[in-house]
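Predicted model only: the values in this text are computed from it and were never measured.
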Amino acid sequence: MPTILGQNQYGKAENRVVKITRDGATHHIKDLNVSVSLSGDLDDVHLTGSNANCLPTDTTKNTVYAFAKEYGIESAEQFGIHLARHFVTSQEPIKRARIRIEEYAWERIATSEANSRFIGADEVAHSFVRQGQETRLTEITYDGRNWQVISGLKDLVVMNSTNSEFWGYIKDKYTTLQEAYDRILATQVSGRWRFNWTDDEQRMPNWEKSYAETKKHMLQAFAETYSLSLQQTLYQMATRIINHRAEIDEVRFSLPNKHHFLVDLEPFGLKNDNEVYFAADRPYGLIEATVLRDGATAHIPVDMTNL
């Protein structure tokens, strides 16, 4: 039977690049995991094996490292924009580039004055510890005219030890969950937000400031919302971002409910007054939703979890 070639793309995935910027004795680190995906006039490489239009994936890898030197890494977004523009504008067969980046944050280690003198250094400004809060994400797509930038984070674990309830839900013959009027609310945040910067005529956002402020508003909303459901908290988190960050039109969250169940201590003659919990890792409730600025259209993929 005849077949037809459908959507296709290729590139080099998970290029680990660490860029050290030396400002005298003070060093700065950018630690990225960069995946390049290219598409365009690539039928022949699939149908006949001709590589005439194929830029080797090894070349895309080399470009990542060369650009880290040539342009530096101001931000994950800016670095991805440099790469996407290069691949589309320098190679005629390539019509679309998608750059996905994970960024791993490092913070400077504060050393004691006594220890600095002991090892003979006046000031230590080159030692770091990997931050464990979250992994920063961005995806840049460019087709030669229009940009789409979707940034976000994953693996950010947050908890409210009170100010959370869950009651008044549907009950049937299979319901065993007891209503809760004071519970722990915890989740591991996976979030994406889409910028309304789409072409070079627009003023580009300050990517570093935008990420910091977006995370700040998201966490403040989580902390300040008296929650009657994780859905309500999700909506408040996304709404706070859109209301405070004019450069963002769409936010999508995937929030697993990291359940904490009260332990029955009565067999031991003890009363558990919302003090001792069992933290269950699975199964878990999974709450997902997209929140849009009024008039905006959704573009962030719905399936963020592959569940």
Asks: Above 12 or not: heavy atoms from other molecules or residues under 6.0 Å from CD of Glu179?
Replies: yes
Asks: Using side-chain heavy atoms (C-beta onward) and a distance below 4.5 Å, is Thr21 in contact with His27?
Replies: no
Asks: Distance check, rounded to the nearest 0.5 Å: Thr198 atom OG1 versus Arg145 atom CZ?
Replies: 11.0 Å
Asks: Taking all heavy atoms of Val17 and all of Ala68, pick out the closest pair and write down the distance.
Replies: CG2-CB, 3.9 Å
Asks: Measure the spacing between CG of Leu42 and SG of Cys54 and express it to the nearest 0.5 Å.
Replies: 7.0 Å
Asks: Could you check if a side-chain atom of Leu230 sits within less than 4.5 angstrom of a side-chain atom of Phe166, using non-hydrogen atoms only?
Replies: no
Asks: Does Arg183 offer a backbone N or O that forms a donor-acceptor pair with the side chain of Asn163 under 3.5 Å?
Replies: no
Asks: Kindly give the heavy-atom pair with the smallest separation between Phe253 and Ala238, and that separation in Å.
Replies: CE1-N, 3.7 Å
Asks: Mind checking whether Leu137 and Leu156 sit in one hydrophobic cluster, side chains of I, L, V, M, F, W, Y counted as touching below 4.5 Å?
Replies: no
Asks: Mark yes or no for whether Asp249, through its side chain, and Ala296, through its backbone, hold a donor-acceptor pair below 3.5 Å.
Replies: no
Asks: Can you tell me if Glu165 and Tyr226 form a side-chain donor-acceptor pair at under 3.5 Å?
Replies: yes
Asks: With sequence neighbours excluded, what pairs up with Thr187 under the side-chain hydrogen bond (donor to acceptor under 3.5 Å, both in side chains) test?
Replies: none
Asks: According to a hydrophobic-cluster definition based on side-chain heavy atoms being under 4.5 Å apart (Ile, Leu, Val, Met, Phe, Trp, Tyr only), do Ile101 and Trp106 belong together?
Replies: no
Asks: Same cluster or not: Val189 versus Tyr235, using hydrophobic residues (I, L, V, M, F, W, Y) connected whenever any side-chain heavy atoms lie under 4.5 Å apart?
Replies: yes
Asks: Would you sort out whether Thr290 and Ile300 count as a side-chain contact (heavy atoms from CB on, under 4.5 Å), showing the intermediate values?
Replies: CA-CA 8 Å; Thr290 298; Ile300 299 175; 5.6 Å; no
Asks: Donor-acceptor pair, Ser227 side chain versus Ser229 backbone, under 3.5 Å?
Replies: yes
Asks: For the pair Glu266 and Lys271, find out whether any cationic side-chain nitrogen is under 4.0 Å from an anionic carboxylate oxygen.
Replies: no
Asks: Counting neighbours of CD on Gln133 that are heavy atoms of other residues, nucleotides or ligands and sit closer than 6.0 Å, is the number greater than 12?
Replies: no
Asks: When you measure from the side chain of Glu208 to the backbone of Ala76, do you find a donor-acceptor pair of N or O atoms at a distance under 3.5 Å?
Replies: no
Asks: Could you walk me through whether Phe67 and His86 pass ring pair (Phe, Tyr, Trp, His ring centres under 6.0 Å), step by step?
Replies: CA-CA 10 Å; Phe67 272 38; His86 166 79; 5.0 Å; yes
Asks: So does Glu250 pair up with Arg192, basic N to acidic O under 4.0 Å?
Replies: no
Asks: For the pair Tyr10 and Ser37, evaluate side-chain contact (heavy atoms from CB on, under 4.5 Å) and give the outcome as yes or no after the intermediate values.
Replies: CA-CA 5 Å; Tyr10 80 107; Ser37 182; over 6 Å; no
Asks: Could you tell me whether the side chain of Ile29 reaches within less than 4.5 Å of the side chain of Ile20, counting heavy atoms only?
Replies: yes
Asks: Using only atom types and a distance under 3.5 Å, with no angle test, would you say the side chain of Lys258 pairs donor to acceptor with the backbone of Leu255?
Replies: no
Asks: Do the side chains of Val34 and Leu83 get nearer than 4.5 Å, heavy atoms only?
Replies: yes
Asks: Is the number of heavy atoms from other residues, nucleotides or ligands within 6.0 Å of CG (Asp294) greater than 12?
Replies: no
Asks: Let's go through Arg240 and Glu224 carefully: what are the C-alpha distance in whole Å and the side-chain angles of both, what is the deciding distance for side-chain contact (heavy atoms from CB on, under 4.5 Å) to 0.1 Å, and is it a yes or a no?
Replies: CA-CA 11 Å; Arg240 183 82 68 96; Glu224 295 169 6; 2.9 Å; yes
Asks: Between Ala84 and Ile140, which heavy-atom pair has the shortest distance, and what is it?
Replies: CB-CG2, 4.1 Å
Asks: Could you tell me whether the side chain of Met204 reaches within less than 4.5 Å of the side chain of Glu77, counting heavy atoms only?
Replies: no
Asks: Restricting to non-hydrogen atoms, name the atom on Asn8 and the atom on Leu5 that form the minimum distance, rounded to 0.1 Å.
Replies: ND2-CD2, 3.7 Å
Asks: If you define the side chain from C-beta out and look only at heavy atoms, does anything of Ile241 sit under 4.5 Å from Asn243?
Replies: no
Asks: Considering only NZ, NE, NH1 and NH2 on the basic side and carboxylate oxygens on the acidic side, decide whether Glu74 and Lys30 come within less than 4.0 Å.
Replies: no
Asks: Does this structure show an ion pair linking Asp155 with Arg136, if we count only N-O contacts that are shorter than 4.0 Å?
Replies: no
Asks: Within a radius of less than 6.0 Å around NZ of Lys69, do more than 12 heavy atoms belonging to other residues, nucleotides or ligands occur?
Replies: no
Asks: For the side chain of Glu213 and the backbone of Ser210, is there at least one donor-acceptor N/O pair under 3.5 Å apart?
Replies: no
Asks: How long is the straight-line distance from OG1 of Thr214 back to CG of Leu219, given to the nearest 0.5 Å?
Replies: 11.0 Å
Asks: Check whether any side-chain heavy atom of Phe268 lies under 4.5 Å from a side-chain heavy atom of Val263, and answer yes or no.
Replies: no
Asks: Are Lys209 and Tyr211 in a cation-pi contact, defined as NZ or CZ under 6.0 Å from the six-membered ring centre and within 45° of the axis?
Replies: no
Asks: Distance from Leu234 atom CG to Ser254 atom OG, nearest 0.5 Å?
Replies: 9.0 Å
Asks: Determine yes or no for a side-chain-to-main-chain donor-acceptor pair under 3.5 angstrom, with Asn15 supplying the side chain and Lys12 the backbone.
Replies: yes
Asks: Counting N and O atoms only, with roles assigned by atom type, does the side chain of Thr239 sit under 3.5 Å from a partner on the main chain of Gln236, one being a donor and the other an acceptor?
Replies: no
Asks: Would you say Phe222 and Asn160 make side-chain contact, with heavy atoms under 4.5 Å?
Replies: yes
Asks: Is a salt bridge present between Arg194 and Glu139, judged by a nitrogen-to-oxygen distance below 4.0 Å?
Replies: no
Asks: Do the side chains of Arg16 and Asp31 get close enough for a salt bridge, i.e. N-O under 4.0 angstrom?
Replies: yes
Asks: If you draw a 6.0 Å radius around CD in Glu107, do more than 12 non-hydrogen atoms from other residues or ligands fall strictly inside?
Replies: yes
Asks: Test side-chain contact (heavy atoms from CB on, under 4.5 Å) on Ile248 and Asn196; report intermediate values, then the result.
Replies: CA-CA 6 Å; Ile248 294 171; Asn196 49 40; over 6 Å; no
Asks: Closest heavy-atom contact between Arg252 and Pro301?
Replies: CD-O, 3.6 Å
Asks: Find out if a path of hydrophobic residues (ILVMFWY) with successive side-chain heavy-atom gaps under 4.5 Å connects Tyr65 to Leu38.
Replies: yes
Asks: Keeping the roles fixed (side chain from Asp44, backbone from Thr48), state whether a donor-acceptor pair exists under 3.5 Å.
Replies: no
Asks: Looking at Asp23 and Thr26, would you say the former's side chain and the latter's main chain have a donor-acceptor pair under 3.5 Å?
Replies: no
Asks: Indicate if Phe79 and Ile150 have the same hydrophobic cluster label, given that clusters are the connected sets of ILVMFWY residues with side-chain heavy-atom separations under 4.5 angstrom.
Replies: no
Asks: Any chance you could measure Tyr142, atom OH, to Asp199, atom CG, to the nearest 0.5 Å?
Replies: 9.5 Å
Asks: Take the angle between the ring planes of His260 and Tyr277 and call it parallel below 30°, perpendicular above 60°, tilted in between.
Replies: perpendicular
Asks: Nearest heavy-atom pair of Ile242 and Arg293: which atoms, and what distance?
Replies: O-NH2, 2.9 Å
Asks: Using ring centroids (six-membered ring only for Trp), state whether Trp207 and Phe195 fall under 6.0 Å.
Replies: yes
Asks: Once rounded to the nearest 0.5 Å, what's the spacing between atom OG1 of Thr233 and atom CG of Asn257?
Replies: 9.5 Å
